Amino acid sequence: MTQIRSVVLGCGSYLPEQVVTNAQLAARIDTSDEWIVQRTGIRERHIAAEGEFTSHLAIKAAQAALSDAGMDAQSIDLIVLATSTPDNTFPATAVAVQHGLGINHGAAFDLQAVCSGFVFALATADNFLRTGAFKRALVIGAETFSRILDWNDRGTCVLFGDGAGAVVLEAQEQPGNAATDRGVVTTHLRSDGRHKAKLFVDGGPSSTQTVGHLRMEGREVFKHAVGMITDVIVDAFEATGLNADSIDWFVPHQANKRIIDASAHKLHIAPEKVVLTVDRHGNTSAASIPLALSEARKDGRIKKGDVVLLEAMGGGFTWGSALLRW
């Protein structure tokens, strides 16, 4: 039987112009390039300019994705924007993106799953497209994490950066074979609120009436990350009959190179199949996977027909995987 799949038609990204290196941070706080690289693999990150909002980054990434797809913005009838750093408490930053693209039809909304946001947003859009509720979607991950960092906390401020990435999805009829269909083949989402205190922001409209700052127990997050990540990837393999050898590209959330390396090793995914951008982008939360996808697409690594595995873990904890054929 044929099946509707959400096929990726285009991919795009945007990074703010300002680059902050480890050496620049070391001049301001008690840290060093060696310390940061050894523990995280991060060498530099991009920081949004004054007056440059999450919506601005998202619009530019969306425009790049539409250009890559060769499509006009008016063909989009759904926008799902994953972000933990919205322009305003409300309305959703997605409607600012919708307006910025000149779209006044369809639906646009934000989704909050922190660093897992893009995978959650992709799964959400995929479900809407497969039911026939919408035809074409923009799925965006965009963040200005620099706005919620405590720049005196060397354990967190060195880790994060700003950026945005987007994909254009279209509902297309496929043969119904997970081994050959193009598009999103399977998604697996999880969350466990018992771990909130390990990674959270200590503010919010209802609790403190402030934005707050990011707080993290780094060792605890690391301890849970590899197991949770591999758990949802094993689920993806079991759901499709595919395995590590079937994967052409592994595009993980770019939080920490040590976590990425350990996850790939545990899953028996060859290092040359892993897309890495954490060294130049830092952790851009919901933006990290689409930023990495866009880079691998631009440089020719990801090609039509390639099997691509995505995974992420974020505050909450939330975690998830998505397996698709380009």
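Just the heavy atoms: all of them, side chains too, but no hydrogens, waters or symmetry mates, feed the values below. Quick caveat, the model's predicted, so the values are computed rather than measured.
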Does a side-chain heavy-atom distance below 4.5 Å link [X] with [Y]?
| X | Y | value |
| --- | --- | --- |
| Ile233 | Glu311 | yes |
| Gln174 | Arg182 | yes |
| Trp151 | Leu25 | yes |
| Glu52 | Gln18 | no |
| Val139 | Leu78 | no |
| Val80 | Phe134 | no |
| Val114 | Ser285 | yes |
| Met313 | Val221 | yes |

Under a 4.5 Å side-chain heavy-atom rule over Ile, Leu, Val, Met, Phe, Trp and Tyr, are [X] and [Y] clustered together?
| X | Y | answer |
| --- | --- | --- |
| Leu122 | Leu129 | yes |
| Leu214 | Phe317 | yes |
| Val278 | Trp249 | no |
| Val184 | Trp326 | yes |
| Leu310 | Phe120 | yes |

Under 3.5 Å, side chain of [X] to main-chain N/O of [Y], donor-acceptor pair present?
| X | Y | value |
| --- | --- | --- |
| Gln38 | Trp35 | no |
| Asp248 | Val307 | yes |
| Lys298 | Ala296 | no |
| Asn127 | Ala123 | yes |
| His188 | Ser321 | no |
| Thr318 | Ala113 | yes |
| Asp87 | Thr54 | yes |
| Arg325 | Asp181 | yes |
| His99 | Ala96 | no |
| Asn256 | Arg39 | yes |

Start with the C-alpha gap between Met71 and Leu9, add the side-chain angles, then the distance that decides, and say whether side-chain contact (heavy atoms from CB on, under 4.5 Å) holds.
CA-CA 9 Å; Met71 300 181 67; Leu9 298 184; 3.4 Å; yes
Between atom [atom1] of [X] and atom [atom2] of [Y], what is the distance when rounded to the nearest 0.5 Å?
| X | Y | atom1 | atom2 | value |
| --- | --- | --- | --- | --- |
| Lys60 | Ser13 | NZ | OG | 12.5 Å |
| Phe53 | Thr144 | CZ | OG1 | 9.0 Å |
| Trp319 | Asp231 | CH2 | CG | 7.0 Å |
| Asp110 | Gln112 | CG | CD | 9.0 Å |
| His105 | Gln74 | NE2 | CD | 5.5 Å |
| Phe118 | His253 | CZ | NE2 | 13.0 Å |

List the atom pairs, with distances to 0.1 Å, where a side-chain N or O of residues 159-171 and a protein N or O form a donor-acceptor pair under 3.5 Å, not counting sequence neighbours.
| residue | atom | partner | partner atom | Å |
| --- | --- | --- | --- | --- |
| Asp162 | OD1 | Phe145 | N | 2.8 |
| Asp162 | OD1 | Ser146 | N | 3.0 |
| Asp162 | OD1 | Ser146 | OG | 3.4 |
| Asp162 | OD2 | Ala48 | N | 2.8 |
| Asp162 | OD2 | Ser146 | OG | 2.6 |
| Glu170 | OE1 | Gln172 | NE2 | 2.8 |
| Glu170 | OE2 | Arg136 | NE | 2.6 |
| Glu170 | OE2 | Arg136 | NH2 | 2.7 |

Stepwise side-chain contact (heavy atoms from CB on, under 4.5 Å) check, Leu291 with His281:
CA-CA 9 Å; Leu291 278 167; His281 298 169; 4.0 Å; yes
Should Arg215 and Asp150 be marked as a salt bridge (charged side-chain N to carboxylate O under 4.0 Å, His left out) after you check the CA-CA gap, both sets of side-chain angles, and the distance that decides it?
CA-CA 9 Å; Arg215 304 300 179 194; Asp150 177 352; 3.1 Å; yes
The single option from Arg258, Lys257, His265 passing side chain to side chain donor-acceptor pair (under 3.5 Å) against Asp261:
Lys257
Short side-chain donor-acceptor distance under 3.5 Å, [Y] and [X]:
| X | Y | answer |
| --- | --- | --- |
| Thr93 | Ser55 | no |
| Glu295 | Thr277 | no |
| Glu143 | Thr284 | no |

How far apart are the closest heavy atoms of [X] and [Y], and which atoms are they?
| X | Y | value |
| --- | --- | --- |
| Val119 | Ile289 | CG2-CD1, 3.7 Å |
| Ile140 | Ala58 | CG2-CB, 3.9 Å |
| Gly100 | Ile59 | CA-CD1, 3.9 Å |
| Leu323 | Ala236 | CD1-CB, 4.4 Å |
| Asn283 | Ile42 | N-CD1, 4.4 Å |
| Arg43 | Asp33 | NH1-OD2, 4.5 Å |

Mind checking what makes side-chain hydrogen bond (donor to acceptor under 3.5 Å, both in side chains) contact with Ser246, not counting sequence neighbours?
Asn243
Might you confirm whether atom [atom1] of [X] has over 12 heavy atoms from other residues, nucleotides or ligands at distances under 6.0 Å?
| X | atom1 | value |
| --- | --- | --- |
| Lys198 | NZ | yes |
| Glu34 | CD | no |
| Lys196 | NZ | no |
| Glu272 | CD | yes |

Begin from the C-alpha positions of Val97 and Leu138 and carry the test side-chain contact (heavy atoms from CB on, under 4.5 Å) through to its verdict.
CA-CA 10 Å; Val97 175; Leu138 266 171; 5.6 Å; no
Please test Arg190 against Asp235 for side-chain contact (heavy atoms from CB on, under 4.5 Å), starting from the C-alpha separation and ending with a verdict.
CA-CA 11 Å; Arg190 303 279 186 276; Asp235 287 347; 2.4 Å; yes
